[in-house]
Structures are given as structure tokens and as C-alpha cells.
Asker: 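Quick one: structure below, then a few questions.
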Amino acid sequence: MALLEVDRLVVEFPGRRGTLRALDEISFSIEPGEVLGVVGESGAGKSLTGAAIIGLLEPPGRVASGQIRLEGTRIDRFTDAQMRPIRGRRIGAIFQDPLTTLDPLVSVGKQLVETMQTHLKLSDRDARARAVGWLEQVGIPAAAERVGAYPHQFSGGMRQRVVIALALCAEPKLVIADEPTTALDVSIQAQIIALLRRLTTDHGTSVMLVTHDMGVIAETADRVAVMYAGRIAEIGPVRDVVLHPSHPYTEGLMGSIPQLEHRVERLRQIDGAMPRLTAIPPGCAFNPRCGRVLERCRVDRPDLLARGTTLAACWNMVPMDDVT
Amino acid sequence: MNAVSRFLDSDFVYQFWRNPVAVISAAIVLVVVVGAVFAPILAPHNPFDLVSLDLMDSLKPPAFTAEGDPHFLLGTDDQGRDVLSGIMYGTRISLLVAVLAIGFSLVVGIGVGLLAGYAGGAVDAFLMRVVDVQLTFPSILIALLVDGVVRAALPRSMQEQLEIYVIVFAIGISRWPQFARTIRGSTMVERQRDYVMAAKVIGLSSGRIMLTHILPNVMGPVLVIATLNLGLAILDEATLSFLGVGLPPTQPSLGTLIRIGNNFLFSGEWWITIFPGVTLAAMVLSINLLGDWLRDALNPRLR
């Protein structure tokens with residue numbers, strides 16, 4: 001059974017000028033131990049999907065329809081009190097900015113201890129010992145001495161390591177990592193991703209890795225979901241999606257990655273911008289920017305259609321041999 | 001390095017020693033507080049010990065004047081009580097009332113402020129309107145009102161012993177809205193911070209998040225206001241006692257001493273009211289100056 005199943009999830013924001021559909025019938029699943037990459041432009045709904053899963057949509061946002069199932073149990077209608085034992089214990093989360101996700105006035109050791117003792121029955125001594133263990137696992141040097149240190153005494157990269165330890169220390173089955181490396185130095189990003197990958201593999205944790213960095217996805221993820229304007233444009237095994245994109249949007253994303261092997265004069269770019277949620281065009285949301293647009297695309301919205309191992313929401317998929 | 005030596009080495013302490021106003025204020029507060037707390041040991045006489053009183057000693061001027069008696073440094077009142085000792089005991093009561101009252105205000109203000117700021121919406125709107133309504137009245141008026149109502153509600157036999165708590169309650173109730181407002185404002189800012197989101201994500205309850213994560217992060221400005229309000233609470237108590245609705249002459253606070261001494265001002269016995277007045281003024285001024293300094297020292301933008 002899949003660890004997490006998201007089934008036709010719709011998230012809406014009721015507002016003055018009508019209700020905005022921020023997520024429109026998103027469906028995907030994550031298997032135990034799997035890393036699912038979620039890519040897309042800013043505002044495509046990547047982070048919102050994570051927030052909806054963990055039950056922390058900012059009001060007035062709400063799950064309007066669809067289901068979220070964790071190990072077969074529906075959690076999308078859970079109250080806050082029902083979600084609390086799930087948060088941290090079964091679904092962990094890592095945010096973008098390690099500088100602000102740690103409480104500045106509480107030592108890192110104490111934050112780890114607090115997280116563990118909230119979910120696991122541990123004595124103070126055991127929890128403290130485990131906290132040191134976790135700091136060692138995430139590669140903090142002299143962990144035993146630094147366990148009492150405060151966040152401001154750590155560098156950005158070190159803090160993100162602490163945040164990773166915090167997300168994993170109650171041994172959740174799934175970790176939602178929302179752009180975990182965006183705020184970090186380029187030189188540290190690869191280290192953090194490698195660390196995350198290693199620890200989650202060791203502990204058999206599934207990861208939903210939200211990012212807009214296709215390179216990170218290609219290296220880390222088992223499968224990838226490409227999001228566009230609140231919908232999934234394409235989802236499939238990372239190799240197939242990267243090497244043989246089916247959706248023109250995915251193809252465009254791939255074309256925008258600089259590559260060392262092929263020298264190209266200019267990176268290809270996708271013309272135009274993603275539509276605002278208030279002005280999503282009829283038919284396929286990508287049709288105004290699409291190079292392969294058909295008449296049908298302007299009126300008829302495609303559902304996810306299978307091609308080989310991938311699913312893509314497109315009437316006119318990129319032919320297999322068309323990819324460079 | 002232990003906590004004490006780390007504190008002594010901090011920028012905070014360094015800033016303090018470089019500021020003469022802060023040092024002098026702290027010295028005055030220290031002298032007054034030590035004198036008050038250790039009054040039973042330090043005071044030259046015990047003004048409550050009726051046996052030691054001698055009417056022959058009444059209305060003696062201070063020791064440094066021509067007719068002064070070296071036994072009574074600041075003179076005596078009409079009952080022959082030593083004014084200096086009276087001040088020390090009186091300050092003790094004044095400080096006790098003020099500290100308890102501010103403590104009470106803090107608890108109520110923190111509770112209401114955290115709740116309003118964290119919950120937001122209707123809860124916030126309701127609590128803040130209560131605060132607004134109360135802030136339209138001068139705090140001393142509220143204190144007078146509460147004091148009067150509570151007194152009337154209590155049976156006469158209990159009034160004497162509960163007097164001090166009635167005053168604490170009256171002053172405390174009149175000062176909590178300020179704390180509630182400050183805490184609410186800071187809480188609304190902190191609530192948006194990622195670490196609060198992170199605390200939610202690890203599954204902590206709202207109460208836990210408020211008390212262990214938000215509260216410590218909003219305490220800075222509150223401590224400053226608490227210090228400033230401590231001075232004002234001392235004045236509130238003195239005002240109530242001066243008006244005669246505060247503490248009775250059997251438990252004389254500074255305000256009571258000033259009120260009683262006031263009757264003698266125009267007959268020439270100025271020391272009975274002036275010295276308690278000066279003590280009160282010096283103490284409140286020092287506490288306020290200290291509070292101002294604290295505000296600046298804790299505000300990184302003014303460094």
C-alpha cells in the first residue's frame with residue numbers, strides 16, 4: 001500500500017472576488033522509502049500541496065474536495081488535535097529558511113528533546129543522548145559540546161542540518177522538504193541534499209522534495225511531479241521525465257537547464273509567465289505559452305493520460321524522438 | 001564558563017557601567033530596596049513597638065537641625081515615632097504592594113495578550129475591546145472603583161487582614177491592559193515566524209507553543225513596561241493611601257505617612273511629610289530612569 005495517497009485534492013481560497021482554486025484535482029502517491037520530487041514555477045502550488053498534507057493551510061485556504069490518505073487513513077478532515085500526533089511523528093517537515101525555523105531562544109538540544117518527548121516516551125537522559133546522536137548523524141562536529149548551543153551560534157548550513165535532525169528525530173515515515181536548500185550557499189546545497197538523501201535512505205523515510213531546481217530532482221528523486229498553475233502537468237519516474245519529457249512544459253523546463261556537455265548559444269526559455277489564479281485560461285492552462293498548442297487545447301482541459309511509465313496532462317505530447 | 005561570569009562579561013553589563021544615570025538610579029533603588037527589605041534589622045527603631053514609644057519624643061525635628069535629637073536622624077512624628085524607621089517600614093509595604101500588583105497585572109496581561117495575539121479573529125477582537133474600554137478610564141479611577149467595590153463586598157471582620165490584597169487587586173486590575181496590548185502586538189509578529197510554524201509542524205499544542213516558544217520571545221519589551229509600571233504602581237498605592245482609601249495607619253505605607261504628615265506641614269513640622277515624599281519621589285524616579293535605560297539597552301536599533 002502506498003504510504004501517502006493524494007486523490008483529486010482541491011484547495012480553495014474563498015475571497016472577495018470569488019473562490020480561487022489554488023490546487024485543482026491533484027493526484028499522486030508516495031511509496032514507502034520513495035523520494036518524490038515536486039517541481040514547478042513559483043506559485044504553481046508546490047508548497048501549498050505540502051501545507052495541505054500536513055494540515056496547516058493558512059486560513060481562509062481549505063481543502064474543498066478530494067482526499068489525503070496516510071497509510072490508508074483519511075487525514076484531510078482531521079481536526080488540529082487529531083493532526084498533532086501525526087505532525088512530526090509520521091510526517092515531518094523541513095522549510096526553506098533554516099535561519100528562522102529554529103526558536104532563537106531555545107538551545108538546539110532542547111528543541112530536539114522537546115520534539116522527541118512530544119511523540120516518543122523518552123526520559124530526559126535518553127532524549128538528550130539521542131539529541132546528541134542526531135546532531136552527530138547530521139554531521140555537526142563536537143555534537144556533545146554543541147548540544148547546548150543556541151541557533152545563532154551556528155552557520156546557515158549547520159542550522160539546516162539541525163533542522164533536518166529536528167524533522168527526522170521523531171522518526172516520521174514521510175518528510176516534506178520544502179525547498180530545503182534555497183536559502184543556502186550553492187557550495188553547501190549539494191551537501192545538504194546528499195545528507196537528506198543518505199539519512200532518509202538509512203531510516204527508510206519517504207521524502208516529498210519540493211524545489212524548483214531540476215538538477216536537484218534529477219540527482220535525488222525516484223519519481224517527479226511537474227506542477228503548473230495548480231495542476232500536475234506530468235508525473236513519472238525521474239529518468240523518463242528528464243530524458244523523455246511528454247508534456248511541452250516539462251520539455252521547456254529541461255531546456256532551461258544549463259549543461260556543460262552541450263554548448264548552446266542561448267538557453268531555451270518558455271515565453272510568457274504562468275497565469276495568475278484569477279485568470280487561468282480555459283482548456284489547458286499552459287496553452288498560451290505552448291509551442292505545440294492545438295485547437296482542442298484552448299477549449300478542452302486534458303486529464304492525466306498515460307504514456308509508458310509516465311502520466312501527462314496533454315493532448316499533443318512531445319514525441320519520444322523529438323528530444324535532444 | 002558559568003552563567004554568572006557570562007552575565008558579568010556581557011554587553012548588557014558593559015553598557016550599564018558606562019551609563020552614569022543608570023548606575024546612580026540603580027544605586028538609589030538598591031539602597032531603598034535593601035533598607036525596606038531589611039527594615040526589621042536595619043531600622044534604628046521599631047515604629048510598631050508601642051512600648052518603645054515615648055510621647056516625650058514626639059515632634060522632634062531632624063538630627064541635623066539646631067533642636068534635633070541625635071537618636072532620631074530624620075525627626076519624629078506626633079506619636080514620637082522615628083520618621084526614618086517609619087519610612088523604611090513604609091517603603092517595605094509600598095514595594096510589596098507594587099510588586100504583587102505588577103505581578104498580578106503581568107499574569108493577567110500575558111494571558112490575555114498571548115491568547116488574543118495567537119488566536120486572532122473574534123477572540124482577539126473581543127479581548128481587545130475590553131482593553132480599549134478600560135484604557136478610556138485613567139488607571140487610578142479604575143483602582144479607586146475596584147478598591148471601593150471590593151471593600152464594600154467584603155465582610156467588615158475580614159477587611160483589616162485582607163486590606164493589602166484588596167489594594168494589590170485594585171492596582172493590578174487597573175494596569176493589566178497595557179501588558180495585554182504589548183504582548184498581543186509582539187505575539188502577532190512572532191506568530192508569523194517560521195519557528196512557530198516549525199513548532200506546529202512537529203506537533204506541539206497551541207498552549208505549549210505559546211508558553212515555551214512565543215512567550216520568551218515577547219518578554220523583552222514587557223519587562224521594560226513592567227519596570228516603568230512598577231514606579232507607577234508605587235504611586236497608585238501612595239495616591240490611594242493618601243486619599244485615605246488605601247492602607248490603614250496600622251500598616252502605614254509611604255502614602256499613608258505622607259497623608260498623616262501633611263496635617264503637620266503648616267504647623268512647621270515639615271519633616272514628617274517631606275522625607276517620605278522625597279523617598280517616594282527618588283525611588284519612583286530612579287525606577288523610571290532604570291526602566292528607560294533598560295528599554296534602550298534591550299533595543300538593538302538604539303545601540
Side-chain angles (χ1 to χ4, degrees), chain A residues 47 50-51 53-60 80-108 110-120 148 150-151 159 162-170 172 175-178 183, chain B residues 1-7 9-12 110 114-125 183 186-224 297-301 303:
Chain A
S47 302
I53 290 169
I54 205 154
L56 287 173
L57 286 172
E58 286 285 326
D80 211 45
Q82 285 174 303
M83 277 309 283
R84 229 175 280 138
I86 291 175
R87 292 182 196 138
R89 180 73 185 97
R90 294 171 69 193
I91 306 176
I94 299 168
F95 294 116
Q96 218 177 92
D97 193 351
L99 306 185
T100 55
T101 40
L102 297 169
D103 185 335
L105 297 183
V106 180
S107 71
V108 296
K110 226 178 185 163
Q111 297 192 41
L112 282 163
V113 167
E114 185 180 33
T115 307
M116 285 186 278
Q117 286 188 330
T118 303
H119 297 292
L120 312 171
Y150 289 84
R159 269 186 254 186
V162 173
V163 171
I164 289 175
L166 267 176
L168 293 176
C169 70
V175 171
I176 298 173
D178 191 353
Chain B
M1 201 153 61
N2 66 36
V4 174
S5 59
R6 209 163 44 204
F7 176 72
D9 194 40
S10 65
D11 286 356
F12 186 74
I110 285 174
L114 274 180
L115 199 62
Y118 192 78
V123 176
D124 179 37
I183 298 251
S186 314
T187 302
M188 290 176 74
V189 173
E190 294 298 319
R191 187 181 60 170
Q192 308 292 331
R193 299 269 159 100
D194 285 350
Y195 73 84
V196 173
M197 184 53 117
K200 282 184 199 164
V201 158
I202 62 174
L204 297 187
S205 64
S206 298
R208 179 105 200 230
I209 293 172
M210 278 190 259
L211 290 179
T212 65
H213 291 287
I214 295 184
L215 183 57
N217 279 293
V218 301
M219 273 315 273
V222 173
L223 286 181
V224 174
L298 292 179
N299 187 342
R301 263 171 302 177
R303 287 254 178 88

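Any value given below was found using the heavy atoms of this structure, including those in side chains, with hydrogens, waters and symmetry copies removed. Every chain is numbered from 1 and lettered A, B, ... according to where its sequence line falls, protein lines coming before strand lines.
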Asker: Specify the closest pair of heavy atoms between Ala93(A) and Val201(B), including all atoms of both residues, with the distance to one decimal.
Answerer: CB-CG1, 3.2 Å
Asker: I'd like to verify something: which residue of Pro104(A), Ala170(A), Pro59(A), Pro85(A) has the highest number of heavy-atom pairs under 4.5 Å with chain B?
Answerer: Pro104(A)
Asker: Is it the backbone or the side chain of Ile86(A) that comes under 4.5 Å from a heavy atom of chain B, or both, or neither?
Answerer: neither
Asker: Report every donor-acceptor pair between chain B and chain A with a separation under 3.5 Å, backbone and side chains included.
Answerer:
from      : atom 1 : to        : atom 2 : distance (Å)
Asp194(B) : OD2    : Thr100(A) : OG1    : 2.8
Tyr195(B) : N      : Thr100(A) : O      : 3.0
Val201(B) : O      : Gly88(A)  : N      : 3.1
Ile202(B) : O      : His119(A) : NE2    : 2.5
Arg208(B) : NE     : Glu114(A) : OE2    : 3.4
Arg208(B) : NH2    : Glu114(A) : OE2    : 3.3
Thr212(B) : OG1    : Glu114(A) : OE2    : 3.4
His213(B) : ND1    : Asp103(A) : OD2    : 2.7
His213(B) : NE2    : Glu114(A) : OE1    : 2.7
His213(B) : NE2    : Glu114(A) : OE2    : 3.3
Asn217(B) : ND2    : Asp103(A) : OD1    : 2.9

Asker: Excluding sequence neighbours, so at least two apart, what forms side chain to side chain contact (heavy atoms under 4.5 Å, CB included) with Met188(B)?
Answerer: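 Residues passing side chain to side chain contact (heavy atoms under 4.5 Å, CB included) with Met188(B): Arg184(B).
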Asker: Looking at Leu56(A), Ile54(A), Leu166(A), which one has more heavy-atom pairs under 4.5 Å with chain B than the rest?
Answerer: Leu56(A)
